[in-house]
Amino acid sequence: KENKKKVNSNKIKDPEKYKIEVPSNLKTMISESRNILKLKQSELSQKMGISVQVLQKWENGKIIPSNLEISNLEKILKVKLPRSKKVPID
């Protein structure tokens with residue numbers, strides 16, 4: 001018998017040929033939108049179900065929220081936010 005591995009067709013082939021491109025204004029838009037609604041970081045993080053430290057890192061650009069987390073932010077902040085994209089590395 002030959003041992004064959006199943007390949008998940010949902011995964012990107014050759015992931016090392018792609019990078020995540022993050023919109024430069026994402027962190028600013030999160031922070032500004034929160035401030036417009038007069039929400040404290042602690043209030044928004046509680047609504048999101050995340051720690052204040054994670055929200056601070058999003059707003060500082062130290063970590064990137066997933067597109068699902070961005071979607072949740074949009075619902076709470078009532079604003080359209082830019083998404084991260086996978087782009088091929090040249």
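At least one donor-acceptor pair under 3.5 Å links the side chain of Asn67 to the backbone N or O of Ser84. Formation of a donor-acceptor pair under 3.5 Å by the Glu74 side chain with backbone atoms of Leu81 is found in this model. Proximity of a side-chain donor or acceptor of Ser31 to a complementary backbone N or O of Thr28 within less than 3.5 Å is not detected. Distance alone, capped at 3.5 Å, places no donor-acceptor pair between the Glu32 side chain and the Met29 backbone.
At a threshold of 4.5 Å between side-chain heavy atoms, the hydrophobic network of Ile, Leu, Val, Met, Phe, Trp and Tyr places Met48 and Val52 in two separate groups. In this structure, Ile63 is a member of the same hydrophobic cluster as Leu44, with clusters built from ILVMFWY side-chain heavy atoms closer than 4.5 Å. Hydrophobic clustering of Ile, Leu, Val, Met, Phe, Trp and Tyr side chains at less than 4.5 Å, counting indirect connections, unites Leu37 with Leu73.
Between Lys47 and Ile76, some side-chain heavy-atom pair lies under the 4.5 Å cut-off. Within the 4.5 Å cutoff, side-chain heavy atoms of Gln41 are placed close to those of Glu59. Side-chain contact check for Leu39 versus Leu77: some heavy-atom pair is nearer than 4.5 Å. Taking 4.5 Å as the limit, every side-chain heavy atom of Val87 sits out of range of all side-chain heavy atoms of Tyr18. The shortest distance between side-chain heavy atoms of Leu26 and Trp58 does not fall below 4.5 Å. Under the 4.5 Å side-chain criterion, counting only non-hydrogen atoms from C-beta, Ile30 is not in contact with Ile70. Ser45 places none of its side-chain heavy atoms less than 4.5 Å from the side chain of Gln53.
Between Lys80 and Arg83, the shortest heavy-atom distance links the atoms NZ-NH2, 4.1 Å.
Glu21 and Lys86 are not joined by a salt bridge, as no carboxylate oxygen comes within less than 4.0 angstrom of a charged side-chain nitrogen.
For Gln46, the CD atom counts as loosely surrounded, since its 6.0 Å shell holds 12 or fewer non-hydrogen atoms of other residues, nucleotides or ligands.
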